[in-house]
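Within every chain, numbering begins at 1; the chains are lettered A, B, ... in the order of the sequence lines, protein sequences first and strands thereafter. Note that these values count all heavy atoms, side chains included, but never hydrogens, waters or copies made by symmetry.
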2 protein chains.
Amino acid sequence: MTTSRPGRATLATIAQAAGVSIATVSKVVNGRDDVSPGTRAMVEELLRRHYYTGRGGTRQPTVEVVFAGPLAAYSNEVLEGVLRAAAEPPGVAVMLSKGRTGIDTGAGAPVTPTSWALGVAKAGRSAVISVSNEMTVEDATALAGANVPLVVIDPLTPAGADVTSVGATNYAGGISAAEHLLSLGHTRVAYLGGDLEAGCNQARWQGFRSTLETAGHPVRDDLVLHETFRYAAGVAAGGALLDRQHPPTAVFAGSDEIAVGLIEACRRRGVRVPEDLSVVGFDDTQLAEFCSPPLTVVRQPLREMGRVALRTALRLAAGASVDSHHVELATSLVVRASTAAPRQR
Amino acid sequence: MTTSRPGRATLATIAQAAGVSIATVSKVVNGRDDVSPGTRAMVEELLRRHYYTGRGGTRQPTVEVVFAGPLAAYSNEVLEGVLRAAAEPPGVAVMLSKGRTGIDTGAGAPVTPTSWALGVAKAGRSAVISVSNEMTVEDATALAGANVPLVVIDPLTPAGADVTSVGATNYAGGISAAEHLLSLGHTRVAYLGGDLEAGCNQARWQGFRSTLETAGHPVRDDLVLHETFRYAAGVAAGGALLDRQHPPTAVFAGSDEIAVGLIEACRRRGVRVPEDLSVVGFDDTQLAEFCSPPLTVVRQPLREMGRVALRTALRLAAGASVDSHHVELATSLVVRASTAAPRQR
DNA sequence: CTGAAAGCGCTTACAG
DNA sequence: CTGAAAGCGCTTACAG
């Protein structure tokens with residue numbers, strides 16, 4: 001039995017494979033309800049397996065980029081990278097959405113992971129890129145079920161083997177921040193981190209912690225704060241840190257936003273940066289560059305991460321496999337003006 | 001002669017109208033070259049007039065947002081507004097692109113305004129939103145020819161009657177900046193503006209200028225600088241301003257980026273803000289909020305502008321007409337910590 | 001350069 | 001719940 005399958009799958013391809021009529025397959029594709037559940041399930045499975053796309057064939061290839069929170073300096077860098085990679089020939093269109101929006105799942109029905117994933121597939125998206133977004137296991141599974149590849153940038157939870165992700169060497173970044181501060185002579189340092197549950201935050205902290213400990217200057221427990229990655233956390237928790245009886249001489253912030261918030265907390269108290277306090281940020285977004293003083297940061301190559309995510313997504317969409325399910329790009333230390341030797345006591 | 005046109009136009013509709021065969025229309029649609037130029041032109045015209053979309057009918061409605069420069073704090077706010085409005089039922093997909101990319105215009109051919117516009121139409125975009133982007137007259141014309149509505153946000157050149165645009169009350173914004181500084185007691189003020197050719201920059205400057213002049217404190221010619229809207233201009237030109245023998249006591253910057261650059265120039269020189277110099281920004285992006293000290297700004301409602309642009313674009317795409325070809329949303333003064341009374345001499 | 005005709009992929013009213 | 005058959009929108013090899 002030679003199943004001829006030259007080009008793209010048609011209704012006839014599926015009908016033959018399923019042993020049903022073309023009409024029945026058509027009904028399943030169009031979501032009519034006069035098909036038995038069993039037949040429907042089997043046909044749907046076959047449609048997926050054959051990458052059935054409808055007669056439109058391939059429309060313009062499109063990748064959907066999903067952000068969780070508000071767009072910010074961080075997302076800009078990632079998007080720039082994605083956009084530039086997408087502009088390279090042959091070119092992909094980039095769709096932007098927040099959460100599960102932008103996909104029509106049918107008249108006002110509540111959007112479930114499955115309906116969203118099916119909508120994404122039906123809209124013809126080649127792949128989905130999710131950015132620092134807690135994609136649930138359900139979302140990922142539904143997407144896989146709909147045959148839409150998913151690439152996660154900077155996953156909050158450690159990468160499962162079944163999800164492809166792109167991150168940065170956060171642990172190494174924490175180390176370089178510690179080494180920089182140690183080399184300047186700081187020994188009483190604090191960590192003002194982001195969400196405790198976030199994998200990237202944990203890695204940054206552990207790299208930082210271990211290096212200081214090895215150097216004989218362990219970080220005191222009361223100088224370790226896990227808050228959120230946002231500006232407000234820098235202002236509030238950073239301010240509280242400064243109000244201590246014995247404040248640190250340097251702070252490693254878990255993000256640029258936190259660092260910038262901390263710098264505002266310093267200004268309000270007349271604490272000078274870097275004379276009275278050294279601050280190291282993490283990310284190297286435009287915020288770091290525009291900060292006054294310009295921020296010393298551990299740079300994570302966000303644009304490059306966006307570019308790699310896009311190219312990986314395209315490769316998966318083309319049916320190729322990827323060498324590794326998780327890629328980590330190298331961080332690097334960028335020294336600007338927010339760090340200096342501690343004052344002589 | 002009753003031309004029956006119930007639903008969507010088909011090849012037959014066009015063929016009948018053009019007095020040619022269905023086959024010929026099909027060839028035009030598919031860009032085959034065995035059609036005479038005259039026939040092709042006529043058929044293309046008819047395809048447009050009938051809003052021919054192909055059998056796919058309406059795909060998921062999609063709006064293409066085109067940015068010129070790099071994504072920045074400014075674009076974030078606009079995009080947030082567009083995205084939120086797009087997420088409201090019934091929901092539109094949002095495509096992001098920079099310049100004329102993201103559209104497949106055929107094998108490696110140089111992208112001309114016409115081929116781009118045709119590609120946009122063929123890709124099924126309902127409308128295009130262009131952000132602070134020098135859309136050329138050619139682009140706009142080509143888009144109009146392809147029946148794709150265009151809405152420009154914050155047009156660089158004064159809105160022509162034929163282009164729909166959304167802006168802010170820049171002139172009034174300039175006035176409110178001047179009034180704020182006058183009320184604090186400043187009389188020796190400078191304008192550190194963006195691109196001289198940009199309409200929004202001119203309006204800001206004129207509103208500012210006229211108010212100070214009326215108040216009897218005209219801005220000295222040597223304290224008026226038109227640079228670019230970027231950070232670097234704030235650092236360099238702003239720094240030069242501070243190095244004058246008689247520096248101003250307050251500066252109205254044409255954008256948040258310029259203001260933030262100026263604040264860095266101040267830091268480098270030990271000039272305190274607002275004690276030694278008051279700074280007013282323009283935009284109210286996240287940069288203003290995160291600046292240290294937080295920036296007093298003339299706020300332009302960028303998110304709202306994004307939302308209005310999207311809704312206008314959708315209305316145009318639906319064939320409705322708009323009341324006004326140019327809408328200006330109100331600016332407002334947001335007082336934060338970068339302005340204060342001038343020091344007593 | 002044009003179109004009649006064959007044929008493809010799909011949908012749907014209807015018979016079973 | 002299923003499918004034979006009619007028919008629609010479109011494409012294309014080919015004759016003129």
Proximal nucleotide (of C:dC10, D:dT2, C:dT2) relative to the A:Leu11 side chain: C:dC10

Taking the side chain as every heavy atom from C-beta outward, state whether B:Lys27 and B:Arg40 have any pair of such atoms under 4.5 Å apart. no

Any side-chain N or O of B:Ser21 less than 4.0 Å from the OP1 or OP2 oxygen of C:dG3? yes

Checking contacts here: which listed nucleotide (C:dA5, D:dT2, C:dT12) is nearest the side-chain heavy atoms of A:Arg32? C:dT12

Not counting sequence neighbours, which residues clear side chain to side chain contact (heavy atoms under 4.5 Å, CB included) with A:Ala117? List them please. A:Ala142, A:Leu143, A:Ala146

If you only use heavy atoms from C-beta on, which nucleotide in C:dT2, D:dT12, C:dG9 is closest to the side chain of B:Thr24? C:dT2

Would you mind telling me which of C:dC1, D:dG3, D:dT2 lies closest to the side-chain atoms of A:Val35? D:dT2

I want to verify a distance call: between D:dT12, C:dT12, C:dT11, whose nearest atom is closest to the A:Ala23 side chain? C:dT12

What stem regions, each of at least 3 consecutive Watson-Crick or G-U pairs below 3.5 Å, can be found for DNA chain C? C:1-3 with D:14-16, C:5-12 with D:5-12, C:14-16 with D:1-3

Round to a whole Å and report the spacing from NZ of A:Lys27 to P of C:dT11. 12 Å

Whole Å only: how far is the CE atom of B:Met42 from the C1' atom of C:dC1? 13 Å

Of D:dT11, C:dT12, C:dG9, the nucleotide closest to the side chain of B:Ile22 is D:dT11

What heavy-atom pair brings A:Val148 and A:Arg125 nearest, and what distance separates the two atoms? CG1-O, 4.3 Å

So, does B:Thr312 use its side chain to make a donor-acceptor pair with the main chain of B:Val308 at under 3.5 Å? yes

If we only count heavy atoms from C-beta on, is the A:Ile153 to A:Ile129 side-chain gap below 4.5 Å? yes

Single hit among B:Leu302, B:Val151, B:Val78 for side-chain contact (heavy atoms from CB on, under 4.5 Å) with B:Val131: B:Val78

Below the 4.0 Å mark, does D:dC1 have OP1 or OP2 next to a side-chain nitrogen or oxygen of A:Thr39? no

Starting from the C-alpha separation in whole Å, work towards a yes-or-no answer on side chain to side chain donor-acceptor pair (under 3.5 Å) for A:Thr13 and A:His50. CA-CA 8 Å; A:Thr13 318; A:His50 287 87; over 6 Å; no

D:dT12 phosphate, OP1 or OP2: any side-chain N/O from B:Ser26 under 4.0 angstrom? no

Closest approach to the side chain of A:Thr10, judged atom by atom: which nucleotide of C:dG9, D:dT12, C:dC1 is it? C:dG9

